[in-house]
Protein chains: 2
Amino acid sequence: MSNDEHIYQQILKAIVEHQLPPGARLPEDRLSEAFGVSRTGVRKVLQRLALEHFVIIEKNKGAHVNRPSEAEASEVLDSRILIEPQLIPALLNHWDLTQSKRFRSMAKEEKQAEAANQLAKSIQLTARFHYELANVSGNQVLARFIEQLCYRSSLILAAYGTRGSVGCECGDHTQLLDLLDEKKSDQAQDWMRHHLQHIKSSLILDSTTDDNIDFQQLFTH
Amino acid sequence: MSNDEHIYQQILKAIVEHQLPPGARLPEDRLSEAFGVSRTGVRKVLQRLALEHFVIIEKNKGAHVNRPSEAEASEVLDSRILIEPQLIPALLNHWDLTQSKRFRSMAKEEKQAEAANQLAKSIQLTARFHYELANVSGNQVLARFIEQLCYRSSLILAAYGTRGSVGCECGDHTQLLDLLDEKKSDQAQDWMRHHLQHIKSSLILDSTTDDNIDFQQLFTH
DNA sequence: TTCCTATAAACTGTATACAATATTTTTTAT
DNA sequence: ATAAAAAATATTGTATACAGTTTATAGGAA
């Protein structure tokens with residue numbers, strides 16, 4: 001793996017696993033020192049992360065971890081709800097025992113991570129289950145897009161997730177695998193739709209943001 | 001518009017409108033001279049274009065305009081076929097006379113550009129019709145993705161399009177607008193699906209690439 | 001104290017320098 | 001004349017320098 005890619009993966013992982021919370025500043029000096037490269041290298045990575053909506057870069061103010069708006073959160077989930085179920089027919093064309101076993105082992109790992117309260121690992125595996133599944137459909141272009149949306153969803157959970165959100169998201173992926181094994185395309189699609197809808201409704205999207213609190217309403221009763 | 005954004009738009013335009021054909025090299029010196037900035041600025045833009053699949057950057061070899069593989073071409077069109085029709089229900093929620101007029105004037109401009117054989121303008125307007133339509137659906141995340149896919153489609157046309165492809169792609173967008181005005185959601189979705197399918201099948205995806213010609217088969221008859 | 005202002009420190013934006021790699025041209029031997 | 005080898009040129013990758021901007025700190029007046 002190239003050096004840039006390594007730095008990219010490290011920072012993305014830290015953001016997605018909520019080590020770097022939304023709003024956290026990312027000074028180029030500190031990062032270049034941490035990774036042992038010049039600012040040139042980290043700037044490149046930060047610009048990529050900005051294009052992918054994981055960080056925001058403001059002119060002369062540098063980069064900070066994105067705090068997704070409610071609209072963004074909603075749209076990312078809606079996009080997944082629209083696309084992921086649609087991938088299932090193509091996915092079933094490539095579905096076989098090997099795939100089934102692979103995903104079952106992933107689902108098992110997920111449950112273990114969740115049981116052991118390993119938040120970071122749990123988040124990582126949940127996202128991975130979805131985008132690896134998208135990948136089986138065979139359309140790389142869509143799979144890459146879904147991968148991005150899964151990572152963005154992890155970031156959204158950091159901002160709007162309830163305590164049990166990640167566990168919720170797990171739901172139980174083995175249910176889906178059962179339907180896939182039985183080639184029940186329509187039911188699998190419905191399951192996926194409801195699964196994602198469930199995640200979306202577990203978010204707290206009630207337009208009370210930190211920096212825009214209506215004190216008048218809050219203290220007048 | 002920031003300076004970077006200006007350079008980005010200029011180069012993207014040149015690629016999408018087939019001024020810079022697939023395979024064309026993009027030396028940083030030449031570009032920085034042309035735009036009157038240092039290499040730093042153009043590198044940033046080239047890296048963005050690479051992430052978006054408009055150019056390919058090879059280590060120590062620099063950037064050249066991407067020549068999409070057949071698989072990529074096929075997947076980009078398939079992605080549009082999957083998503084764009086699905087956007088129509090949401091789109092109809094925001095559809096009114098103002099929108100209708102706006103798009104009819106765009107469709108008219110398209111026809112004129114095509115009639116006048118203005119290839120570049122024609123390509124630009126055809127892509128724009130689609131991604132502006134996606135934008136009306138209200139989901140910015142999906143709309144931005146569709147915008148990318150539309151531009152990539154233009155690049156794909158440069159590589160695999162037949163002479164009449166661009167004209168073909170125009171089909172007649174006013175037909176769709178008629179269906180939208182009548183709120184015929186299902187028919188509009190079908191129209192969109194067939195429209196995109198038509199564009200896809202107009203491409204020449206027959207695995208005979210320039211650098212892999214089977215001379216044996218070609219001259220043995 | 002609290003607020004405003006001035007100064008200092010930290011940080012980003014852009015250009016440039018230099019080393020490493022690739023490409024082209026020239027030279028040399030067969 | 002052709003092909004291989006060597007030198008010269010061009011191009012990219014990375015670090016660094018410096019100017020411009022923002023943010024933090026300190027000092028002084030109400």
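Every heavy atom of this structure was used, including side-chain atoms; hydrogens, water molecules and symmetry mates were not. Numbered from 1 within each chain, the chains take letters A, B, ... in sequence-line order.
A straight line from CG of A/L46 to P of C/dC11 spans 14 Å, rounded to a whole angstrom. To the nearest angstrom, P of C/dT24 lies 8 Å from CZ of B/R25. As rounded to whole Å, 14 Å separates atom P of D/dT12 from atom NZ of B/K59. We find that NZ of B/K44 is positioned 17 Å from P of D/dG13, with the value rounded to whole Å. Distance, A/E33 CD to C/dA10 C1': 14 Å, rounded to whole Å.
A heavy-atom distance below 4.5 Å is found between the side chains of B/E110 and B/T126.
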Where do B/R67 and B/E72 land on the salt bridge (Lys or Arg N to Asp or Glu O under 4.0 Å) test, with the steps shown first?
CA-CA 10 Å; B/R67 192 193 305 277; B/E72 183 182 339; over 6 Å; no
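With D/dT14, D/dG13, C/dT14 as the candidates, the nucleotide lying closest to the side chain of B/N60 is D/dG13. Relative to the side chain of B/D29, the nucleotides C/dC11, D/dT11, D/dG13 differ in distance, and D/dT11 lies closest. Set against C/dC11, C/dA15, D/dT12, the side chain of B/E28 has D/dT12 as its closest nucleotide.
Other residues, nucleotides and ligands place no more than 12 heavy atoms under 6.0 Å from the CZ atom of B/R144. Under a cut-off of 6.0 angstrom, the local environment of CZ in B/R104 is crowded, with over 12 non-hydrogen atoms contributed by other residues, nucleotides or ligands.
Between A/T40 and D/dT14 there is no side-chain N or O to OP1 or OP2 distance below 4.0 Å. Contact check, B/K61 against C/dA20: no side-chain N or O comes under 4.0 Å of OP1 or OP2. The phosphate of D/dT11 has OP1 or OP2 within less than 4.0 Å of a side-chain N or O from B/R30. Note on B/R39: every side-chain N or O is 4.0 Å or more away from OP1 and OP2 of D/dT12. Contact annotation: A/R43 side-chain N/O to C/dT12 OP1/OP2 distance is not under 4.0 Å.
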